[in-house]
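Predicted model, so just to flag it, every value in this text is computed and none were measured. Just so it is clear: chains get the letters A, B, ... in the order the sequence lines come, proteins before strands, and each one is counted from 1.
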Amino acid sequence: MQYSPAASAIRLESLKNLDPVKTFECGQCFRWNAEPDGSYTGVAFGKAARVWVEDGEVYISGGAEDYDSIWRDYFDLSRDYEAILDGLELDGYAAQAAGYGAGIRILRQDGWEALCSFIISQCNNIPRIKRIIETLCSMYGEKISFENRIYYSFPAADRLAGLDADELAPLKCGYRAPFIIEAARAVASGALDLDRLAEAGYDRALSELTALRGVGKKVADCAILYGLHMQDAFPVDVWIKRALEAHYPEGFDPAAFGKAAGLVQQYIYYFIRSADKDKIGFDCNRGV
DNA sequence: AAACAGGCCTAAA
DNA sequence: TTTAGGCCTGTT
């Protein structure tokens with residue numbers, strides 16, 4: 001269970017406030033994978049890393065430099081999730097989901113990677129989404145050596161912008177290929193400036209993103225929440241829709257949760273998607 | 001075999 | 001403004 005890396009490691013957070021399994025498996029990201037020893041390896045912002053739990057604390061490989069430049073921000077460590085949860089007024093179902101998902105954090109991912117990944121996700125399942133993304137990275141990303149294995153960065157938009165959609169055939173991503181290329185061209189040309197959009201507000205971001213072919217409200221909301229870091233975004237997919245219809249027949253207003261709406265969405269998604277796995281018998285009054 | 005999967009787009013009322 | 005099909009591919 002415990003992993004002792006030869007290289008240096010940095011403590012990220014307590015397990016209570018950052019549960020790697022829940023955070024990586026709640027559907028917000030596609031490039032972190034469980035290893036046989038229970039740790040996770042993955043790539044973000046061009047850096048490969050390993051995350052593991054030891055004595056109730058969560059660690060990441062690498063030194064202070066990577067932590068300062070990448071991981072502190074990526075794991076959203078400057079937000080106090082305990083305080084956010086204390087301030088939330090959750091009713092029965094949402095409260096149960098929040099109890100079950102305690103430890104989930106919203107990762108602050110790269111905007112282009114999030115946009116591209118969720119274009120791929122449409123009408124698709126998670127194993128295939130991950131397979132397509134890994135193939136894309138291995139074909140067009142930069143090689144990264146880490147712990148005697150080769151990883152690949154997520155390809156920059158300008159790396160893909162010059163490609164023809166046919167060249168993505170090995171991805172077997174079907175009709176999504178031209179969407180990927182067109183989005184890459186928009187970002188690479190500067191016509192779509194994701195850094196600026198992140199500062200521009202939700203309405204502007206939504207209208208510019210949905211102007212892309214293959215990007216509707218759901219995909220745009222995912223890009224906005226995970227890639228542009230607007231934590232009040234509330235992506236509604238078929239699962240969330242079903243859960244809300246079943247438990248809030250009179251309607252459901254994410255705005256009631258303000259800046260925590262995205263987190264509440266993540267709790268509900270993780271809760272409903274885990275239904276057949278291990279949450280049978282889960283008692284929200286006892287916590288996790 | 002046929003339906004479905006973390007949607008989106010277009011055509012037709 | 002809402003609704004039905006079709007879309008690549010893989011899995012059940």
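Atom CD of E142(A) sits in a sparse spot, with 12 or fewer heavy atoms from other residues, nucleotides or ligands closer than 6.0 Å. The local environment of NZ in K130(A) is crowded, with over 12 non-hydrogen atoms from other residues, nucleotides or ligands closer than 6.0 Å.
Comparing G214(A) and C29(A) along DNA chain B, the residue whose closest nucleotide (by nearest heavy atom) sits nearer the 5' end is C29(A).
Straight-line distance from the CG atom of L212(A) to the P atom of dG7(B): 18 Å, rounded to whole Å. One interatomic measurement links the two molecules: CG of L206(A) to C1' of dG7(B), which rounds to 15 Å at whole-angstrom precision.
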Worked verdict on Y67(A) versus F75(A) for ring-ring contact (aromatic ring centres under 6.0 Å, His included): CA-CA 10 Å; Y67(A) 176 80; F75(A) 287 97; 9.2 Å; no
ring-ring contact (aromatic ring centres under 6.0 Å, His included) between Y93(A) and Y267(A), worked out: CA-CA 10 Å; Y93(A) 181 72; Y267(A) 288 143; over 10 Å; no
Test side chain to side chain contact (heavy atoms under 4.5 Å, CB included) applied to F45(A) and D73(A), step by step: CA-CA 11 Å; F45(A) 291 98; D73(A) 193 49; 5.8 Å; no
Residue pair K241(A), E245(A): steps toward the salt bridge (charged side-chain N to carboxylate O under 4.0 Å, His left out) verdict: CA-CA 6 Å; K241(A) 188 165 180 288; E245(A) 284 170 352; 3.0 Å; yes
Worked check of salt bridge (charged side-chain N to carboxylate O under 4.0 Å, His left out) between R273(A) and E25(A): CA-CA 10 Å; R273(A) 291 313 307 269; E25(A) 306 283 1; over 6 Å; no
Side chain to side chain contact (heavy atoms under 4.5 Å, CB included) between Y202(A) and L228(A), worked out: CA-CA 9 Å; Y202(A) 175 82; L228(A) 302 186; over 6 Å; no
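With hydrophobic clusters built from ILVMFWY side chains whose heavy atoms lie under 4.5 angstrom apart, L171(A) does not share a cluster with Y151(A). A continuous path of ILVMFWY side-chain contacts below 4.5 Å connects I10(A) to F24(A), so both sit in one hydrophobic cluster.
In this structure, H247(A) contributes its side chain and R242(A) its backbone to no donor-acceptor pair below 3.5 Å. Put simply, the side chain of S39(A) never gets that close to the backbone of R50(A): no donor and acceptor are under 3.5 Å apart.
Relative to the six-membered ring of Y81(A), R79(A) meets both conditions, a distance below 6.0 Å and an angle of at most 45° to the axis.
Under the 4.5 Å side-chain criterion, counting only non-hydrogen atoms from C-beta, Y140(A) is in contact with E167(A).
Annotation: proximity of residues 216-225 of chain A to DNA chain B (heavy atom, distance under 4.0 Å) is found for G216(A), K217(A), K218(A), V219(A), numbered in ascending order. Annotation: proximity of residues 238-266 of chain A to DNA chain B (heavy atom, distance under 4.0 Å) is found for V238(A), W239(A), R242(A), Q265(A), numbered in ascending order. Using a 4.0 Å cut-off on heavy atoms, the residues of residues 114-140 of chain A that approach DNA chain C are R128(A), R131(A), listed by number. Within residues 172-188 of chain A, the residues having any heavy atom under 4.0 Å from DNA chain C are, by residue number, K172(A), C173(A), G174(A), Y175(A), R176(A).
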Pairs of donor and acceptor atoms involving the side chains of residues 232-239 of chain A, under 3.5 Å and at least two apart or interchain, shall be tabulated with distances.
residue: D237(A); atom: OD1; partner: W239(A); partner atom: N; Å: 2.8
residue: D237(A); atom: OD1; partner: I240(A); partner atom: N; Å: 2.9

Dot-bracket line, read 5' to 3' along DNA chain C, where crossing pairs take [ ] and | marks a partner on another strand, Watson-Crick or G-U under 3.5 Å: |||||||.||||
